[in-house]
Amino acid sequence: MLLYIVRRLLSAISVVFVTLIASFALFFLAPTDPAGVICGPRCTPERLHDIESSLSLDQPPVTQIALYMKGIVVGRDFTTGGVTRHCDAPCLGYSYTLGQPVTKMLLAALPVTLSIVVGGAIIYFTVGVFTGTIAARYRATPLDRVTVGASLLINSVPYFVVALLVALYAGFLPQSGWTPLLTNPLLWASGLVAAWLTLGLTNAASYTRYSRASMIEALGQDFVRTARSKGISERRVVYRHGVRAALTPVVTILGLDVAYQLTNALFTESIFGLPGLGVLALRSFAQYDLPVLLGTVLVGSVVLVLMNLVVDIAYTFLDPRVRLG
Amino acid sequence: MSDQTIPAPEAAPREPRHRAADDAAYLEVIDLQVQFPTADGMVRAVQGLSYSLPLGRTLAIVGESGSGKSVSSMAVMGLHDARVARISGSIKVGDKQIVGMSQDDMRSYRGVDAAMIFQDPQSSLHPFFTVGDQITEMYRAHNRVSKAKAKERAVEMLSRVGIPNPKRRVDNYPHEFSGGMRQRAMIAMALVNDPKLLIADEPTTALDVTVQAQILDLVADLQRDFGSAVVFITHDLGVVAEIADDILVMYAGQAIEHGPVNKILGTPLHPYTWGLLESIPALTGEPQPLHPIPGMPPSLLAVPSGCPFHPRCEYKSRVPDDMCGTVHPELVPRTADVTRASRCHLRDPQGIFETEVLPRLP
C-alpha cells in the first residue's frame, strides 16, 4: 500500500510537470505583453527592457521554464532596478500586478476554496445519498416521483442563478465573508453558510439521482435477495446490504466532483465575495498576470491528481476486492 | 486440517430418508397462482400449481427457463415483492400460511422454517461482507446470542459443509473463496438455523462439473442428517436422478407431470418429458443426432389455449377433435398407478413411449 502510494505520487509529479510545461508554452504562444502592462502607458524603452530582464522575459522560453522549475525546487532571485529579492522555494514568482509572491497568494486563497468545497460536499453527499436511498426504497411511489422531479427541477436551473438568488433573497443567512478558521471558527462558519448551502443543495439534487440509480441497481442484485431470504428486517436489507453496495460508484463521482469544484468554484466565490482560487485565477487572467495564473493551474493539477489518488485509496476501504499494488 | 475435527452440530433425532408416501406434508402448495402485471399485460408465471412434500424427502422441480420453477419457489420463500407480484392459492409450511403473511411474520419465517440456496454463489453472497459476517447475521437475526457465540456457530457450520480451516476462512470475503467453496458457504448459511425446508435453486448450475457432484453429495448428506424437506430446482435430469425422490415437471407455469422419480424418468407419460429426455446427448456409442423439442416455450403473456404444450407437440394429431388446442387437460393419474399424474390427452401414452420414444433414447 505504501509502495503503491509512493509510486502514484511519483507519477503524479510527472503529470503535474507535463501540465506546467503545456500551460507555460500556451502562455508564451499567446500574444501577451506583460512587461508593457506593468510599465503602463507612458513607458520608456529602457524601463521596458529593465522590466523584461527582471522577469527573465528576454531569455529564450526553455531557459524561462528551467528558471521557473528551479524556483519551485530551490528558490530563485529576482533583480529589479539593482535590488535583488530572494524568493524561497517553492517559488512561483511574483505577481506582475500586485508584486506579492505567488506562493503566498495561492496559500491565502486555497483554504477559502477548500472550506467552501469540502463543506458543500459534506452537505450534498449526505443529503443526496439519504434522499436517493429513500427514493430507491420507495421506488415508483409518489414520494419517489416528487424527489426525482424536484431534483430535476433544481438541476435544470443554472448554478449561478441559484447562487445569485440565495445571495439576493436569503437575508436570514449570515453575511458571507472570509475569516480564517483558526482566527475565529464561528465567524469562519457563519461567513461560509450561504456558500455551503448553495453548493450543497444544488449538488444534492444530482447526488440524489446518482444514489437513487445506484441504489436501485444494488437492490436488484442477487445478494440483496439473499439478504431478504435470511429473515432480517427490510430496513436492514436496504440500509446495510443495499447502501453498502450502492456507495462505491457514488464515491467515485464525489472524488471527481470535489476535484472539479476545487478548481472551478468561481461562481460561488465571486457571488458570495470569498477570495478563493477561482476569483484569483479570473483576476490574474484578466490582467495577464502570468505567474499567478500559472500558479492556479499548478494548484489545480495537483488537486486533481491528489483527489484521484484519494479516491483510489478510498476504494480499498469500500470494496474488499480492490487491492492496490 | 485439525480444524475439521470440530463435531457436527447435534441434530434432532435423525429421520430416515425414505418414508411412506402418506406421511404428513411439511410443505403443501395448493392451486398457487403467481402473476405479474406488466405494461404488456398479465404475465402468468405460475398457474394452478399444487404439490406437497413431507420431511425427509427431496422434490425436484424441472423445466426450461421461464417455466415457473424459480418463481414458484420464491413464492414459497415469500420473496416476491407484494407491490409487483399477485399471488393467490395456498402455501403451507408446517402450520404457517405463507400467502398473505404479514412482513413481521415473514421475517421470523424466512431463514428459520425455510431457507434457500441460490444459483450463483458469486452474486448471491454480498461482496463487501466477510463470509462469517453473513452467516452470523442470519444466525443472530433469529437467536439472541453474542457475536462471539454466533461466530463459533459460523465456524461450526463451515466445518460441517467441508470447508478446510474454517477458523481462518470465516474471516475471508467471498471473492477469496473458490466457486465450490462459495456454494458450500452459502449452504452453511442456509442451514445455520436448522430449517426444516430447504429450497435449492439450481445450486450447481454455475459450478464446475467436478464440483457439482460434491455439492450434490453434500446436499444429500445434510438432508439425511437434518431430516429436512428439500425442493431442488434444476433443469439437469442427471441431477434429478441422483438426488430426488419425487419429480415435478413444469411447463409454461404449470405442472405437467408429477410422481416418484424412478417412475417418471423410467416411463414418462407426457410428450414434453419425452422431449426433455431426448435432448440429452448420449455419452457412449455412435454419435446420434439429437431429437430436440421443436419451437420455443410460449410467452407467459399469452399461454396457448387448451394444453399449453400443444403448439410444440408432435403427438397432438393422435388426439381426436383438436382437443389439445381447446380443452385444458387436468393433472390426474393416467394409468392404474395413482402415485403419479400427468397433464396430457393422449389415450395410451405408455404405449407410445415404449414403442416410439424409447427406441430413440440412447
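First the proteins, then the strands, lettered A, B, ... as listed; each starts at 1.
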Legend entry - A/Ser233, part contacting chain B, at a heavy-atom distance under 4.5 Å: both

Legend entry - pair A/Thr226-B/Met186: side-chain heavy atoms closer than 4.5 Å: yes

Legend entry - Neighbour count above 12 (heavy atom, 6.0 Å) for B/Glu176 CD: yes

Inset, instruction - Would you mind checking which part of B/Arg140 comes under 4.5 Å of any heavy atom in chain A, side chain (CB onward), backbone (N, CA, C, O), both or neither? - result: neither

Inset, instruction - Measure the CD-CZ distance between B/Gln122 and A/Phe223 for me, rounded to the nearest 0.5 Å. - result: 11.0 Å

Legend entry - Check: B/Arg107 main-chain N/O paired with A/Lys230 side-chain donor or acceptor under 3.5 Å: no

Inset, instruction - Please check if atom CZ in B/Phe36 has more than 12 non-hydrogen atoms from other residues, nucleotides or ligands closer than 6.0 Å. - result: yes

Inset, instruction - Check whether any side-chain heavy atom of A/Arg228 lies under 4.5 Å from a side-chain heavy atom of B/Arg110, and answer yes or no. - result: yes

Inset, instruction - Indicate yes or no: does A/Arg225 engage B/Asp81 in a salt bridge with an N to O separation below 4.0 Å. - result: no

Legend entry - Heavy atoms of other groups near A/Leu186 CG, more than 12 under 6.0 Å: no

Inset, instruction - May I ask you to establish whether A/Arg240 and B/Phe129 are in a cation-pi arrangement, using a distance under 6.0 Å from NZ or CZ to the six-membered ring centre and at most 45° from the ring axis? - result: yes

Legend entry - Atom OH of A/Tyr315 with >12 non-hydrogen neighbours under 6.0 angstrom: yes

Legend entry - Over 12 foreign heavy atoms within 6.0 Å of CZ, A/Arg236: yes

Legend entry - Over 12 non-hydrogen atoms of neighbours within 6.0 angstrom of OH in A/Tyr239: yes

Inset, instruction - Kindly check if the number of other-residue, nucleotide or ligand heavy atoms within 6.0 Å of CZ (A/Arg139) is above 12? - result: no

Inset, instruction - Supply the atom-to-atom distance A/Ile232 CD1 to B/His142 NE2, rounded to the nearest 0.5 angstrom. - result: 8.5 Å

Inset, instruction - Select one option (side chain, backbone, both, neither) describing which atoms of B/Leu79 are under 4.5 Å from chain A's heavy atoms. - result: side chain

Inset, instruction - May I ask you to name which of B/Gln103, B/His175, B/Met138 has the most heavy-atom pairs under 4.5 Å with chain A? - result: B/His175

Legend entry - NZ/B/Lys92: more than 12 non-hydrogen atoms of other groups inside 6.0 Å: no

Legend entry - Expected output: side-chain B/Ser123 to main-chain A/Asp222 donor-acceptor under 3.5 Å: no

Inset, instruction - Please determine, by modelled atom types, if A/His241 and B/Glu137 share a side-chain donor-acceptor pair under 3.5 angstrom. - result: yes

Legend entry - Heavy-atom proximity to chain A below 4.5 Å, by part of B/Phe128: both

Legend entry - Heavy-atom check, side chain of B/Phe118 versus side chain of A/Ser229, under 4.5 Å: yes

Inset, instruction - Just give me the residue among B/Ala141, B/Ala115, B/Pro127, B/Gly111 that pairs up with chain A most often, heavy atom to heavy atom, under 4.5 Å. - result: B/Pro127

Legend entry - Proximal component of B/Ser108, with respect to chain A [non-hydrogen, under 4.5 Å]: neither

